[in-house]
Amino acid sequence: MAAPVARQILTADSVAAAPLLLNKVLVNRGRAGRIVEVEAYRGATDAASHAYRGLTPRNAVMFGPPGFLYVYFTYGMHWCANVVCGTEGEALAVLIRAVRPLRGLPAMRRARPAARSDRDLGNGPAKLCQALGIAGPDNGTDLLAPAPRRSGPGAVRLLDDGTPPPELVGQGRRIGIRVATEEPWRFWVEGEPCVSRGPLP
DNA sequence: CTTTGGATCGTCT
DNA sequence: GACGATCCAAAGG
């Protein structure tokens, strides 16, 4: 009873779409996690966005159509994953900040030997990519395409398993940025133990 | 539990 | 040449 998320809900502004992605399911090659924390980034109007200074080879996927996966490399060692929103050219995106592990936990553990608990598998944007096996080759994947027949890059999908968005959504400032820090564009499932952090002071 | 500093390299200036 | 949408181990309370 899991179907791809409707592309229609992703054509909205990323700030509107972000909370709608809570409780959706991110899957990759037998591993799955429920999205419990996200952040919206807003292209040319958002100084914290990778797209703020225009189109580059790295951020090109952000400028494409909604429903595609933007994966970037940072701090010399980490991958992070975004869902592209809006319409072509807007460069709106939602960063997936935390998932609660659902399926394929042994594989996640193998991919993340540093995890001390199941909660540690996906409670951070780079942690969840490591656990789910998402990396550079997955950049540009259509998250809403029919399920792939084989494993390999490009197998990441965004599914709706029928779980509605949470009744209680936490909202606060974004984490880890040096500019546009006042914008309350981070959303999480209130009371969820697998969130990366609580509200900022 | 919290704080602190190091790792490490692609990207853009 | 500087820095980043981060994580982890170590150390202290």
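Excluded from the calculations below are hydrogen atoms, water molecules and symmetry mates; all remaining heavy atoms, backbone and side chain alike, are included. Each chain gets a letter, A, B and so on, in the order its sequence line appears, and its residues count up from 1.
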Using a side-chain heavy atom cutoff under 4.5 Å and only I, L, V, M, F, W and Y, what cluster partners does A:Y75 have?
-> none

Of all residues at least two apart in sequence or in a different chain, which pass the salt bridge (Lys or Arg N to Asp or Glu O under 4.0 Å) check with A:R109?
-> A:D118

Across all chains, not counting sequence neighbours, the salt bridge (Lys or Arg N to Asp or Glu O under 4.0 Å) partners of A:R157 are none

Atom pair distance, as rounded to whole Å: CH2 in A:W79 and P in C:dG4 | 19 Å

From A:L26 CG over to A:L128 CG, what is the distance, rounded to the nearest 0.5 angstrom?
-> 7.0 Å

Does A:R31 have any side-chain hydrogen bond (donor to acceptor under 3.5 Å, both in side chains) partners at least two apart in sequence or in another chain, and if so, which?
-> none

Closest approach of A:V189 to A:V195 (non-hydrogen atoms, all atoms of both residues) | O-CG2, 4.1 Å

Note: contacts of residues 15-27 of chain A with DNA chain C (heavy atom, under 4.0 Å) are none

What heavy-atom pair brings A:L121 and A:A131 nearest, and what distance separates the two atoms?
-> O-CB, 3.2 Å

What pairs with A:R112 under side-chain hydrogen bond (donor to acceptor under 3.5 Å, both in side chains), at least two apart in sequence or on another chain?
-> A:Q130

Which nucleotides of nucleotides 5-13 of chain C have their base under 4.0 Å from a protein heavy atom (B), which only their sugar-phosphate (S), and which neither (-), written as one string 5' to 3'?
-> BBSSS----

Ring pair (Phe, Tyr, Trp, His ring centres under 6.0 Å) filter on A:W79, not counting sequence neighbours, yields A:F73

Dot-bracket for DNA chain B, 5' to 3', counting Watson-Crick or G-U wobble pairs under 3.5 Å, with [ ] for crossing pairs and | for inter-strand pairs?
-> |||||||.||||.

Among Ile, Leu, Val, Met, Phe, Trp and Tyr joined by side-chain contacts under 4.5 Å, find the other residues sharing a cluster with A:V27 and list them by chain and number.
-> A:V25, A:L102, A:L159

Counting distance only, does the side-chain N/O of A:N59 pair as donor-acceptor with the main-chain N or O of A:G54 below 3.5 Å?
-> yes

Provide a list of protein-nucleic acid N or O atom pairs under 3.5 angstrom, restricted to nucleotides 3-5 of chain B.
none

Give every residue pair that meets the salt bridge (Lys or Arg N to Asp or Glu O under 4.0 Å) criterion with at least one member in residues 184-201 of chain A, sequence neighbours excluded.
-> A:E37-A:R186, A:R100-A:E192

